[in-house]
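Chain identifiers are assigned alphabetically (A, B, ...) following the order of the sequence lines, protein sequences preceding nucleic acid strands; residue numbering begins at 1 within each chain.
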Amino acid sequence: MKKVEAIVRHFKLEDVKNALTEQGIHGMTVSEVRGFGRQKGHTEMYRGTEYTVDFVPKVKIEVICSDDNLQRVVDTVLKSAQTGQIGDGKIFVHDLHDSIRIRTGETGEDAL
Amino acid sequence: MRHHRALALLMCLVCWIASAGISAAYADDAPTAAEGAADHGSNSAVEQRLNDAALAGNNAWMLTSAALVLFMTAPGLAFFYSGLVRRKNVLGVMMQCLFLMGLMTVIWGLWGYSLAFGGGEGFLGSLIGNFDYAFMNNVKMQNGVAPITVLDNLPDLSFMVFQGMFFIITPALICGAFAERMKFSTMVVFSILWGTFVYCPLAHWVWGGGLLAFGEEGALAGGALDFAGGTVVHISSGVSALLCAILIGRRLGFGHDDMRPHNLTYTAMGAAMLWVGWFGFNAGSAGASNSLAANAFVVTHFSAAAGAIAWAGMEWITRRQASILGTASGAVAGLVCITPASGFVQPMPALVIGLAGGVVCFFACSKLKAKFGYDDSLDAFGVHGVGGTVGAILTGVFATKHVNPDYADGMFYDLQGGTTLMIGQVVAVIVTVVFSLVVTFVILKVLDMAMGLRVSQEEETQGLDLSQHGEEGYIVS
């Protein structure tokens, strides 16, 4: 099993979710995050005082899938989250040891 | 001046009664309408009725105004200020405003009103009021022996409570300077002392027939025009705020940490509430529901409008974007500026005053503060101290007898006479600044020794909400 962590733009969240659902992924976790990479932050001015905002807000989507499905999930996120501009985000893939459905106690891919 | 207005109102009512006829109840007192109208001077019953009618109108407006001025402190100022701090201090600021509504009202009832508006003989009487009205003694439900005897047809209680609302908002304005680091207990004692020893004397000097009252015998340099509290409220609180900011010191991490306003939506709404409440503040200062109140209402509105676009315009020019914080600040700056002038100037000069207020306060908050490096956290000095001073000076320029025949023309209308007025205005500003600074300095030094001004570093880092009040502003689950 793999965990796919995709950090994407806010306005792409809906597209990514729909595309993944079409691919048969029926579960994901989403959180609001802030960070920076190549996309520069910006400056804000309050009554003449300037603040540099380095951390840019993004959305992090976490999806768990079987090893076989990995490429499909990655491709889907790539396609649906891309604008071609700096700041589109990143995808990280982790190996996942196990998953357990709390209601039934099922484990592994059965729990997905 | 109020005599003239009351008289005019009286005449209007006489005409109205004569033309519209009289009610049956009215006929009981006056034999015929024509007789009553033609000979009203000698008919005390008719006069009594007319006075009652005038009182009804005045009282309705003054009680409304009192409520509007209270509305300025909270929610107005509470929102305006609390949006500008970090989220860990949102309650600390709101608490200061809300608590002062309680605290200052109690002080006003016990001795504040008397010290500000009580009579008094000789030199001491020109410095501070006596205890004639302490504990609300001699403050009548009826139109009685109000200290400001020009207020005809208004219950003493209405005047007292209207003035009491000013006593609340003035120390609340200072809270902007020491926001995010002042010890709450010290703030409480400071407000009691400041209200008693700075506000009450100043109010007495300007409105209670003391040292700075225009045209009063023994007034310094002939006294100054201050319709609704440019010196008493704004300059006094503004310069005291600056001193507080300097003596307490900068916030931890000033110039380094992220100190962006945590919720400008509060600030925008708060500014709008202040704008609305200010109609009570300025137009209510006419003391009656008359044409002077209408003038004050209009010029207040015009100045706020001009201030808002002036500050936003300055931002547009200097950084190509107008901000909502700038627009909100500009409106407040315009309101501060017109406060002393509102009973003396016409609408077009009001636009100029608002414009000047917006531009000058913009520079005070963005450039002056940065140059000297003091941490007037929410710009209490930059807006109220500076704006109040600009307003006091411009009152000496644009005051006109067309608006208020009992007072004076400013330099724009009468260069020679206006210069005399201007000297009075400048002297009043200097006296207010020096007096406020000296007394505030003494109060702060004493409190610093007695109880400490500032919370501990740990408490400051934690935030005032938790460290001072044991609560959190935002519990979102």
Side-chain angles (χ1 to χ4, degrees), chain A residues 3 5-18 26-64 83-90 92 99-104 111, chain B residues 80-81 83-86 176 250-251 253-264 267-268 271 311-312 314-316 318-330 332-333 358 361-383 386 476:
Chain A
K3 177 163 98 166
E5 240 180 45
I7 295 165
V8 304
R9 296 178 191 273
H10 272 89
F11 75 94
K12 282 291 182 187
L13 174 63
E14 204 63 20
D15 292 348
V16 175
K17 185 203 76 184
N18 291 338
H26 34 254
M28 64 185 70
T29 307
V30 170
S31 41
E32 302 270 344
V33 294
R34 294 184 308 151
F36 64 89
R38 290 204 189 158
Q39 185 186 8
K40 297 265 190 318
H42 59 271
T43 57
E44 295 178 8
M45 183 93 92
Y46 298 92
R47 281 186 184 158
T49 309
E50 202 169 79
Y51 293 94
T52 309
V53 180
D54 294 319
F55 295 107
V56 184
K58 296 279 172 198
V59 185
K60 184 168 81 176
I61 306 168
E62 287 163 292
V63 178
I64 315 298
T83 69
Q85 304 295 311
I86 291 177
D88 271 353
K90 296 261 192 310
F92 304 112
S99 64
I100 301 115
R101 191 191 304 278
I102 294 177
R103 174 167 58 86
T104 58
Chain B
F80 185 66
Y81 273 176
L84 291 171
V85 297
R86 289 165 289 177
R250 300 169 184 177
R251 288 166 288 177
F254 179 72
H256 171 260
D257 286 3
D258 185 355
M259 291 187 175
R260 286 178 295 162
H262 92 284
N263 191 347
L264 280 185
T267 303
W311 190 309
M314 288 307 296
E315 291 182 327
W316 223 329
T318 55
R319 65 182 189 102
R320 297 207 189 130
Q321 271 181 328
S323 74
I324 192 159
L325 177 58
T327 309
S329 309
V332 175
C361 292
F362 166 81
F363 282 114
C365 294
S366 55
K367 308 284 179 226
L368 193 70
K369 191 165 83 160
K371 189 168 162 55
F372 291 98
Y374 56 86
D375 183 12
D376 175 8
S377 316
L378 316 183
D379 293 308
F381 171 71
V383 174
V386 173
V476 183

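Around atom CD1 of B:Ile324, no more than 12 heavy atoms belonging to other residues, nucleotides or ligands sit under 6.0 Å away. Heavy atoms from other residues, nucleotides or ligands lying under 6.0 Å from CZ of A:Arg34 number 12 at most.
Residue B:Thr267 comes nearest to B:Phe80 through the heavy atom pair OG1-O, 3.3 Å, listed as atom of the first residue, atom of the second, then distance. In terms of heavy-atom proximity, A:His10 sits nearest to A:Glu32 at NE2-OE1, 2.7 Å.
Contacts between residues 364-378 of chain B and chain A, defined by a heavy-atom separation under 4.5 Å, are made by B:Cys365, B:Ser366, B:Leu378.
With a 4.5 Å cut-off on non-hydrogen atoms, A:Tyr51 touches chain B through its side chain but not through its backbone.
Taking 4.5 Å as the limit, every side-chain heavy atom of A:Thr29 sits out of range of all side-chain heavy atoms of A:Val63. A heavy-atom distance below 4.5 Å is not found between the side chains of B:Gln321 and B:Glu315.
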